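Nothing here was measured: the structure is a model prediction, and the numbers come from that model. Below, all heavy atoms of this structure are taken into account, side chains as well, without hydrogens, waters or symmetry copies.
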Amino acid sequence: QVQLVESGGGLVQAGGSLRLSCAASGRTFSILTMGWFRQAPGKEREFVVGISWSGGRTSYADSAKGRFTISRDNAKNTVFLQMNSLKPEDTAVYYCAARESTLILTTESGYKYWGQGTRVTVSS
């Protein structure tokens, strides 16, 4: 099994920045791709960005391009999500997810492991 723990959420004003972290533990050798999803109040969970664990390939949702950056620290089994120029519509619970394949999928059904989520609130 793999355990994922997110941190770094909070309240920020529009235009501000936050950096989310996701630490993986357990059978981390089985993780080949990690991703961030988010779920806003009253909406379905949506893909934000994904990264392949070894090659560093990334895939961004249109809403994240140019503002969010995903990175990883393989030695620490941690993935980061740097979010800049935040907007009120970025308000959501952000979830870290992992899958045992190198293909970056944008659907939540493709991810086997999930964190508990960290809340991000952007005030206008």
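Residues Ala14 and Ser124 share a closest heavy-atom pair of CB-CA, 4.3 Å. Smallest separation of non-hydrogen atoms from Gly115 and Tyr95: O-CD2, 3.7 Å. A pairwise comparison of heavy atoms in Ser85 and Arg67 identifies O-NH1, 3.0 Å as the closest pair. Across all their heavy atoms, Tyr113 and Leu4 have their closest contact at O-CD1, 3.6 Å. The minimum heavy-atom distance between Ser17 and Asn84, with the atom names listed, is OG-OD1, 2.9 Å.
No side-chain donor-acceptor contact under 3.5 Å links Thr28 to the backbone of Ser25. A distance-only check finds no donor-acceptor pair linking the side chain of Ser59 to the backbone of Gly50 [under 3.5 Å]. A donor-acceptor pair is defined here as one N or O able to donate and one able to accept, closer than 3.5 Å; no such pair exists between the side chain of Gln116 and the backbone of Val5. Side chain of Thr91 to backbone of Val122: a donor-acceptor contact under 3.5 angstrom is found.
The CD atom of Glu6 sits 5.5 Å away from the SG atom of Cys22 when rounded to the nearest 0.5 Å. From Arg99, atom CZ reaches atom NZ of Lys112 across 11.5 Å, with rounding to the nearest 0.5 Å.
Residues Ile31 and Leu81 share a single hydrophobic cluster, defined by chaining ILVMFWY side chains whose heavy atoms lie under 4.5 Å apart. Trp36 and Leu103 fall into different hydrophobic clusters, where Ile, Leu, Val, Met, Phe, Trp and Tyr residues are linked whenever their side-chain heavy atoms come under 4.5 Å apart, directly or through other members. Phe47 and Ile51 are not part of a single hydrophobic cluster, where members link through side-chain heavy atoms under 4.5 Å apart. Placement of Val48 and Leu18 within a single hydrophobic cluster is found when ILVMFWY residues are connected by side-chain heavy-atom separations under 4.5 Å, directly or transitively. Put simply, Met34 and Tyr111 are part of two different groups of oily side chains (I, L, V, M, F, W, Y) that touch within less than 4.5 Å, one to the next.
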Pair Phe37-Thr106, side-chain contact (heavy atoms from CB on, under 4.5 Å): steps then yes or no: CA-CA 9 Å; Phe37 287 74; Thr106 60; 6.0 Å; no
Run the numbers on Glu100 and Leu32 for side-chain contact (heavy atoms from CB on, under 4.5 Å), then give the verdict. CA-CA 5 Å; Glu100 297 169 342; Leu32 296 178; 5.5 Å; no
Mind running side-chain contact (heavy atoms from CB on, under 4.5 Å) on Arg72 and Asn74 for me, showing each step along the way? CA-CA 6 Å; Arg72 73 200 190 285; Asn74 289 11; 3.2 Å; yes
Give the intermediate values and the outcome of side-chain contact (heavy atoms from CB on, under 4.5 Å) for residues Phe80 and Thr69. CA-CA 8 Å; Phe80 305 97; Thr69 303; over 6 Å; no
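Using a 3.5 Å distance cut-off with no hydrogens or angles, the side chains of Tyr94 and Arg38 do pair a donor with an acceptor.
Between Val79 and Trp53 the shortest side-chain heavy-atom distance falls below 4.5 Å. Using a 4.5 Å cut-off on side-chain heavy atoms (C-beta onward), Thr102 and Arg57 make contact. Looking at Met83 and Asp90, their side chains never come closer than 4.5 Å, going by heavy atoms from C-beta outward.
Salt bridge present: Lys65 and Asp62 bring a charged side-chain N and a carboxylate O closer than 4.0 Å.
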